[in-house]
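We name chains A, B, ... by the order of the sequence lines, and we start the count at 1 in each one.
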There are 2 protein chains.
Amino acid sequence: MAKYSSDLDGAFAALADPTRRAIVSRLCEGPKSVSELSEPFDMALPSLLKHVRVLERSGLVSSEKTGRVRTCRIEPHALQAAESWINRHVAAWEKRLDRLEAHIHRMKMKRN
Amino acid sequence: MAKYSSDLDGAFAALADPTRRAIVSRLCEGPKSVSELSEPFDMALPSLLKHVRVLERSGLVSSEKTGRVRTCRIEPHALQAAESWINRHVAAWEKRLDRLEAHIHRMKMKRN
DNA sequence: TTAATACTTTCCGCAATGGCTAAGTATTCA
DNA sequence: TGAATACTTAGCCATTGCGGAAAGTATTAA
């Protein structure tokens, strides 16, 4: 299962930070400028910008500069890739549990 | 959306490494000893063990030692928590797109 | 009781991360 | 034109992460 797909490295690493997850959450509501994004955080702007860059590198977010304002928006592909990886594994796990249960059931039948 | 829930920090950070994702994949097939896990990797045992420890700290994996063998198994809760966070956000994103589409549709209606 | 197995601990080195401040650039407002 | 705004770059620092080698401990096999 699961080839080494290093896109996931970046996506999961990006999501490992609470500040970045909060940024992703806010961008799910709609595009925002860097200063709008920084507003709820008690953090210097350059630090926040670094998080935005990490999110961009991971493909979770894209941004575009118009005039002096950089507008950030969410980019769903990377998020969906991460979702898909996890979904597959939870599914695989549950399938295995089902097989195990069926197996135990058969054992019981034999005993009686 | 999404309070700071630092359980996710660990889970996503753990999944950010391809070696650890591969370990999770293999454990989805069933419990394995540390040496069984290490077998496909070109990596010293202590290094691999470190990955297992990271997975344990994140709650994705648990292990138990019997005799001289440590057996590792997958622990689905943390994986489901990560799954749930992503699912919520993909859903939020899609909902927003729907609203946007509906809005654009209304604009068009007005024009005609 | 000796030898092999299966980890486990300790310590090293290097690169990346996450925060900061200070100073710089490019736009826009007055 | 001059000042305010919105980033942006550069550099510093402490911590963490990922790999290794070497040596140690506990179990099991012979």
Side-chain angles (χ1 to χ4, degrees), chain A residues 4-27 30-73 78 82, chain B residues 4-27 30-73 78 82:
Chain A
Y4 271 22
S5 47
S6 54
D7 284 358
L8 290 174
D9 290 21
F12 283 129
L15 293 175
D17 184 282
T19 302
R20 288 193 293 261
R21 285 201 303 280
I23 293 175
V24 168
S25 289
R26 302 228 15 242
L27 289 181
K32 305 230 182 312
S33 72
V34 171
S35 12
E36 281 178 304
L37 278 178
S38 83
E39 189 262 316
F41 296 104
D42 184 22
M43 191 182 287
L45 200 73
S47 306
L48 188 112
L49 191 57
K50 242 190 239 181
H51 285 300
V52 172
R53 296 300 193 195
V54 171
L55 287 166
E56 286 197 71
R57 253 191 301 149
S58 77
L60 287 163
V61 163
S62 68
S63 75
E64 198 188 359
K65 193 153 181 178
T66 310
R68 58 184 169 175
V69 176
R70 176 172 298 277
T71 303
C72 308
R73 66 189 68 247
Chain B
Y4 270 24
S5 46
S6 54
D7 284 0
L8 290 174
D9 290 21
F12 282 129
L15 294 175
D17 185 282
T19 302
R20 288 193 294 261
R21 286 200 303 279
I23 293 175
V24 168
S25 288
R26 305 230 11 245
L27 289 180
K32 304 230 181 313
S33 73
V34 171
S35 11
E36 280 178 304
L37 279 178
S38 83
E39 188 263 316
F41 296 104
D42 183 22
M43 190 181 288
L45 200 74
S47 306
L48 188 112
L49 190 57
K50 241 189 239 182
H51 285 300
V52 172
R53 297 301 193 193
V54 171
L55 288 166
E56 287 198 71
R57 253 191 301 148
S58 77
L60 287 164
V61 163
S62 67
S63 74
E64 196 188 359
K65 194 154 182 177
T66 310
R68 57 184 170 176
V69 176
R70 175 171 298 278
T71 303
C72 307
R73 65 190 67 249

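Among all heavy-atom pairs drawn from A:A14 and A:L55, the shortest one is CB-CD2, 4.0 Å. The shortest heavy-atom contact between B:D9 and A:P18 is OD2-CD, 3.4 Å.
Contact check of residues 56-68 of chain A against DNA chain D (heavy atom, cut-off under 4.0 Å) returns A:K65, A:R68. Listed by residue number, A:P46, A:S47, A:K50, A:H51 are the residues of residues 46-54 of chain A with a heavy-atom contact under 4.0 Å to DNA chain C.
Atoms OG and CZ, from B:S33 and B:R70 in turn, are 11.5 Å apart once rounded to the nearest 0.5 Å. The line from CG of A:L15 to OG of A:S58 is 7.0 Å long, rounded to the nearest 0.5 Å.
Residue-level contact check: A:A44 touches the bases, meaning some heavy atom is under 4.0 Å from a base atom.
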With a cut-off of 3.5 Å and sequence neighbours excluded, list every side-chain donor-acceptor pair involving residues 37-54 of chain A.
from, atom 1, to, atom 2, distance (Å)
A:S38, OG, A:S35, O, 3.0
A:H51, ND1, A:R20, NH1, 3.1
A:R53, NH1, A:E56, OE2, 3.3

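Evaluation of the side-chain hydrogen bond (donor to acceptor under 3.5 Å, both in side chains) rule for A:T71 yields no partner, not counting sequence neighbours. With sequence neighbours left out, the side-chain contact (heavy atoms from CB on, under 4.5 Å) criterion links A:A16 to B:F12, B:A13. For the side-chain hydrogen bond (donor to acceptor under 3.5 Å, both in side chains) test, no residue two or more places apart in sequence or in another chain qualifies with A:R26.
Applying the 4.0 Å criterion to OP1 and OP2 of D:dT5, one finds that A:S35 has every side-chain N and O outside that range.
Between B:M43 atom CE and D:dC18 atom C1' there is a gap of 8 Å when expressed in whole angstrom units.
In the 5' to 3' direction, nucleotides of DNA chain C lying under 4.0 Å from heavy atoms of chain A begin and end at C:dG18 to C:dT28.
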I would like to know whether A:C72 and A:K32 meet side-chain contact (heavy atoms from CB on, under 4.5 Å); could you show each step before the answer? CA-CA 5 Å; A:C72 308; A:K32 305 230 182 312; 5.7 Å; no
